[in-house]
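Everything on this sheet refers to the single structure shown next.
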Amino acid sequence: MIDTVTTYDVVVAGGGPAGAATALRLARAGHTVALLERSRFDRPRVGETLAPSIQPLLRDLGIWEQFVALGPLPSWGTRSIWSSTEPAAHSHLENGYASGWHVDRRLFDRMLLDAAADAGACVSLGTSLVGSRYDALWQLTCSGGRRLTGRVLIDATGRSATIGRSLGARRIAFDRLVGITAQWNGVDVAAEQYLLIESVPDGWWYTAPLPGNAMVGMFMTDADICRHHNLTAPNPWRTHLASTTATALRLDTALRLDTALRLGTALRLGTALRGDTATHLGPTTRSTTSDGVRLPTTPRVYSAASHRLVRPGDTRPWLTVGDAALAVDPISGSGVPRALRTAEAAATTAARLLTHPADPAPLTTYESTRNAECTTYLSTRADYYAVALPHPTPFWTRRRTLTPA
Ligand SMILES: Cc1cc2nc3c(=O)[nH]c(=O)nc-3n(C[C@H](O)[C@H](O)[C@H](O)COP(=O)(O)OP(=O)(O)OC[C@H]3O[C@@H](n4cnc5c(N)ncnc54)[C@H](O)[C@@H]3O)c2cc1C
């Protein structure tokens, strides 16, 4: 329970993977930590496919057994229609850890937060940090009006980076990517333990199995294209889905939708279906088909825009971690491992600020390392998109110029 009398060594705003892992490390090192999380983990979370590199990071945090107890699905690799119309396969057997993982992100994030609490962090769920002022100490205001004080403040609020921005840091956005997603339950995923990526003229599709016999499908495009095609409405979203080749075929097979997704020959030949598909599929909130497979509910949209948050010349003891510091395109598959990796650097920097509050070097080093990561990321992203099929559409041509959005 957060104590409003104590002055915490570190206050972390945001209990996603970055905030929880930072709080865990600092609490284990003996610092007093308050961790504020806006949600109560009562809503779905996206980002369900974890790269094999997650394993050493979780072992290093001492929570590998807790992770295995969640019952994650091994992910054997990636199949993609990206640089060729012929599917390409990449097996995780080629790396040292044999598999990646498909997880329920709500459970995964909660597991990390519980580990931080077990380590001694004072966790407050359903609590947003809404105000901050620095005057030798951080004077902080939470939702509901509760106040607390801290020596070091960490913004782990994810892509919104609300705290850093409110403190005057500048967000450099590199694109306007969004993910529009739906989930099907009651799917037999035994033969589906891989990630499928497919490029299409307006963006790319991502499908993956989830623990508990579910499958997630996500369309990644730019916010303006999403608006133009009204893709948050179920029927346009599904019409786009039906225009894919491998993705629609995968879902058609996996979902066994013998009534609603009887797309038959058209899909198998990879033919784009006409607008009347949506009518054919029927309303989204209907429905269990004759074999008991549910259709997805209304698609949800998430910002997936890349950015870097910069704070030149600000020597106050605060820092950003995870997506708040540097948010990357999900095509890189590196979001969660990156969040856990930067948590280690953030915890080290915060600890150094506690012992040497007047020394600007730790912050400078931390920020320049994030800048270097950002440069590497942008170059890797350019490589990914450069080898993609040459669709002559705005989504793809924008990514060949790659200037800030
Ligand atoms: C569509 C999409 C698909 C993705 N797919 C993958 C994938 O397959 N694999 C992968 O590794 N990564 C993926 N990612 C990226 C991955 O989800 C993120 O990189 C990762 O979640 C970053 O962790 P974080 O802790 O920095 O931020 P977040 O996970 O966003 O956590 C931020 C937390 O801060 C809380 N918060 C926000 N504001 C406040 C406030 N004022 N006070 C208190 N709490 C606050 C939020 O409730 C949230 O819990 C995907 C991202 C998107 C958008």
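Whatever order the structure lists them in is the order used to number ligands and atoms, beginning at 1.
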**Message:** Would Thr127 count as a contact residue for ligand 1, given that I'm defining contact as a non-hydrogen atom of the residue lying under 4.0 Å from a ligand atom?
**Reply:** yes

**Asked** What do you reckon, does Thr49 have a nitrogen or oxygen under 3.5 Å from a nitrogen or oxygen of ligand 1?
**Response** yes

**Prompt:** Going by distance only, is there an N or O of Asp109 that falls short of 3.5 Å from an N or O of ligand 1?
**Reply:** no

**Asked** Would you say ligand 1 has an N or O under 3.5 Å from any N or O of Leu129?
**Response** yes

**Message:** Can you tell me if Arg338 contacts ligand 1 (heavy atom of the residue under 4.0 Å from the ligand)?
**Reply:** no

**Message:** Are any of the N/O atoms on Ser334, whether in the backbone or the side chain, positioned under 3.5 angstrom from an N/O atom of ligand 1?
**Reply:** no

**Asked** Any non-hydrogen atom of Pro337 lying under 4.0 Å from ligand 1?
**Response** yes

**Prompt:** So Tyr385 and Trp82, would you call those rings parallel, tilted or perpendicular, with 30° and 60° as cut-offs?
**Reply:** tilted

**Prompt:** To which of Gly322, Ser53, Gly14 does the heavy atom nearest atom 34 (O) of ligand 1 belong?
**Reply:** Gly14

**Asked** Can the positive tip of Arg106 be found less than 6.0 Å from the middle of the six-membered ring of Phe108, inside 45° of the ring normal?
**Response** no

**Asked** Hey, does Ile163 come in under 3.5 Å of ligand 1, counting only N/O atoms on both sides?
**Response** no

**Message:** Under 3.5 Å between any N/O of Arg159 and any N/O of ligand 1: does that happen in this structure?
**Reply:** no

**Prompt:** Ser303: heavy atom below 4.0 Å from ligand 1, yes or no?
**Reply:** yes

**Message:** So for ligand 1, is Ala304 a polar contact partner (N or O within less than 3.5 Å, distance only)?
**Reply:** no

**Asked** What part of Ala156, side chain, backbone, both or neither, has a heavy atom within less than 4.0 angstrom of ligand 1?
**Response** backbone

